[in-house]
Amino acid sequence: MRIDKQQIATINEGLLTDHNRRFANLLSDIDNAEAIIEKLMAFQIGIPSWALGAGGTRFGRFHFGGAPATLEEKIEDVGLLHALNRNSGSISLHIPWDIPQDYAAIKQVAAENEIKFDAVNSNTFQDQPGQPLSYKFGSLQNVDKAVRKQAIEHNIEVIKHGVELGSKALTVWLADGSCFPGQLSFRNAFNNTLESLSEIYSALPEDWKVFVEYKAFEPNFYSTTVGDWGQSLLYASKLGKKAYTLVDLGHHLPNANIEQIVALLLNEGKLGGFHFNDSKYGDDDLTAGSIKPYQLFLIFNELVDGMDARGMNHASDLGWMIDASHNVKDPLEDLLQSVEAIMAAYAQALLVDKKALEEARQNSDVAKAQEILQNAFRTDVRPLVAEARRRAGGALQPLSLYRQLGIREQLIKQRGADSQTTGL
Ligand code: LRH
Ligand code: MN
């Protein structure tokens, strides 16, 4: 199904008076609105193909009707999100959950929905039916060279799919690690993984990147072979200039200072991208900004500062992607809320008075520095984000329009109440 621009413009009409009042009110407080709106319109977030249906845990999965059963339907769902907020312009595929059967046909569907292909993800954390060798004891780290070879070949196959679709990056997340002391030689696991990654690295096209995603724990619960930012940076530095680290917000130990990690990885020129989500305890994959919105703002504050210090293009020089799993919310509503939270954090970070902040820091005026940051964080930027959407042909209020148009009901009518989707 499609939402046409006219439908959106008509609904926006009814909301315009209220919107313009709020927007005008905000304009009286800020002096760089046009520059911010331009940046917001250019900012595109990659939607995970594996998070368009109901997620679940080992304790259960509660269905959402109308789930996309094919890659075409997944791209159409991302097309729906993009039509509503104009900031969801790409899909991140996971192989083998989303193997394209017909590249031309898939690219056609994507073009019709104005969707590009973001980083492709390999999967050596599950054994596929008929797979000769198991990844039970790891993939790229495995003591068995044949298992490592199988995993390397899978990653090279994933790159091939990505090249056909126009993707420019491979994300490697490894579940590899150990569950008990003594099980693993940390040095051998590191060296095997580095050797394997370098074979994958050498298969990368010249203009591609590889994102090494780290994670503290799960599914291994004693050690993880790419367990934190330092280990990921070690791999990325040893691999070469096409290798970067990927920060999944849910992959840190409790109370980790993620904004500091982001600042340092940017300073090293080794920050490749993000998997945005939120969490209270572990890798909860909750809606971005739903638990720790101030942390999301502080991360964007470091991103804007660090990217500007390097003259980087905010929209295109880093991989902006969501990684979520929906246990109780409608997947599309959850993703609309995540995009909204990410855009709001970015807009607030662009509001920070950098000159005044630097002055406060030079004077070690700690209270003043906090006032400057929290003034930006406490600014209600929703009219600014909405105005950027409106100018890009999107909805002033994407979530209420999604409900007003009864999109989930229509998807259930089209696909059935128990259509199955691939993914986590
Ligand atoms: C691992 C992870 C990784 C994906 C998977 C779906 O926790 O964040 O990015 O491959 O989720
Ligand atoms: Mn992730």
Side-chain angles (χ1 to χ4, degrees), residues 45-58 61 74 90-99 118-128 135 138-141 151 154-155 157-159 161-162 167 169-177 197 200 209-221 223-229 231-232 235-236 244-253 256 258 261-262 265 271-288 296 299 318-327 331 334-335 338 342 421-424:
I45 299 164
I47 305 296
S49 65
W50 59 91
L52 294 164
T57 72
R58 58 189 165 159
R61 177 191 305 268
K74 289 185 175 190
S90 66
I91 185 170
S92 184
L93 300 189
H94 219 299
I95 307 290
W97 296 334
D98 309 305
I99 294 182
D118 215 310
V120 283
N121 298 263
S122 60
N123 177 342
T124 58
F125 51 85
Q126 293 171 327
D127 289 344
Q128 305 305 325
Y135 295 133
S139 59
L140 301 185
Q141 78 170 21
H154 164 70
N155 278 275
E157 190 200 326
V158 173
I159 293 170
H161 287 302
S167 171
L170 167 71
T171 296
V172 179
W173 169 66
L174 301 172
D176 294 23
L197 281 172
I200 296 166
K209 295 176 177 179
V210 60
F211 298 147
V212 181
E213 182 178 2
Y214 60 87
K215 182 173 181 177
F217 67 91
E218 188 208 37
N220 276 297
F221 296 103
S223 78
T224 298
T225 301
V226 188
D228 62 24
W229 70 279
Q231 295 172 46
S232 174
Y235 288 110
Y244 297 85
T245 62
L246 186 138
V247 178
D248 184 314
L249 301 192
H251 288 187
H252 300 83
L253 294 173
I258 304 177
I261 293 170
V262 165
L265 290 172
L271 177 64
F274 284 85
H275 278 179
F276 290 112
N277 48 53
D278 211 338
S279 51
K280 185 142 183 72
Y281 304 105
D283 187 18
D284 311 342
D285 280 344
L286 300 174
T287 317
L296 188 60
I299 288 170
L318 288 181
W320 309 111
M321 294 167 280
I322 290 172
D323 183 355
S325 176
H326 324 284
N327 300 339
D334 197 332
L335 291 162
S338 278
I342 294 163
T421 189
T422 54
L424 277 183

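Just so you know, ligand 1 is whichever comes first in the structure, and atom 1 is the first atom listed for that ligand.
Using a 4.0 Å cut-off to heavy atoms of H275, the atoms of ligand 1 that qualify are 9 (O). If you number the atoms of ligand 1 from 1 as listed, the ones under 4.0 Å from a heavy atom of D248 come out as 8 (O). Remark: ligand 1 atoms within the under-4.0 Å shell around heavy atoms of D283 are 7 (O).
At a 4.0 Å cut-off, not a single heavy atom of N121 sits close enough to ligand 1 to count as contact.
Residue contacts with ligand 1, taken as heavy atom pairs separated by less than 4.0 Å, do not involve E218 at all. Neither the backbone nor the side chain of N123 comes within contact range of ligand 1; no heavy atom lies under 4.0 Å.
On a distance-only criterion, W50 and ligand 1 share no N/O pair closer than 3.5 Å. Annotation: H251 places an N or O atom under 3.5 Å from an N or O atom of ligand 1; distance criterion only. Any N or O atom pair closer than 3.5 Å counts here, and E213 shares at least one such pair with ligand 1. For the pair K215 and ligand 1, the shortest N or O to N or O distance falls below 3.5 Å.
In summary, an N, O or S atom of D248 is located under 2.8 Å from the Mn ion (ligand 2). At least one N, O or S atom of H275 sits under 2.8 Å from the Mn ion (ligand 2). When distances to the Mn ion (ligand 2) are checked against a cut-off of 2.8 Å, D285 contributes no N, O or S atom below that limit.
Atom CG of N220 is separated from atom CG of D176 by 7.5 Å, given to the nearest 0.5 angstrom. Between the NE2 atom in H275 and the NZ atom in K215 there is a gap of 11.5 Å [rounded to 0.5 Å]. In this structure, E218 CD and H251 NE2 are separated by 7.5 Å, a value rounded to the nearest 0.5 Å. Note that CG of D283 and CZ of F217 are 7.5 Å apart. Values are rounded to the nearest 0.5 Å. Note that OG of S232 is 10.5 Å distant from CD1 of I261, once rounded to the nearest 0.5 Å.
Taking the six-membered ring for Trp and thresholds of 30 and 60 degrees, W50 and H94 have ring planes more than 60 degrees apart, a perpendicular arrangement.
Partner F274 forms a side-chain contact (heavy atoms from CB on, under 4.5 Å) with one of V262, D323, D248 and no other, that one being V262. If you run side chain to side chain donor-acceptor pair (under 3.5 Å) between S92 and each of N121, T171, D118, only N121 comes through.
D323 contributes OD2 as its N, O or S atom closest to the Mn ion (ligand 2). The nearest N/O/S atom of E213 to the Mn ion (ligand 2) is OE2.
Across all non-hydrogen atoms, the minimal contact from W229 to L265 is CE3-CD2, 3.7 Å.
Within the 3.5 Å criterion, the main-chain N or O of G177 finds no donor-acceptor partner in the side chain of S223.
Shortest contact from atom 10 (O) of ligand 1 to any protein heavy atom: H94 NE2, 2.8 Å. Of the protein's non-hydrogen atoms, D323 OD2, 3.3 Å is the one closest to atom 2 (C) of ligand 1.
Judged by distance alone, the side chains of N277 and D285 do bring a donor and an acceptor atom under 3.5 Å apart.
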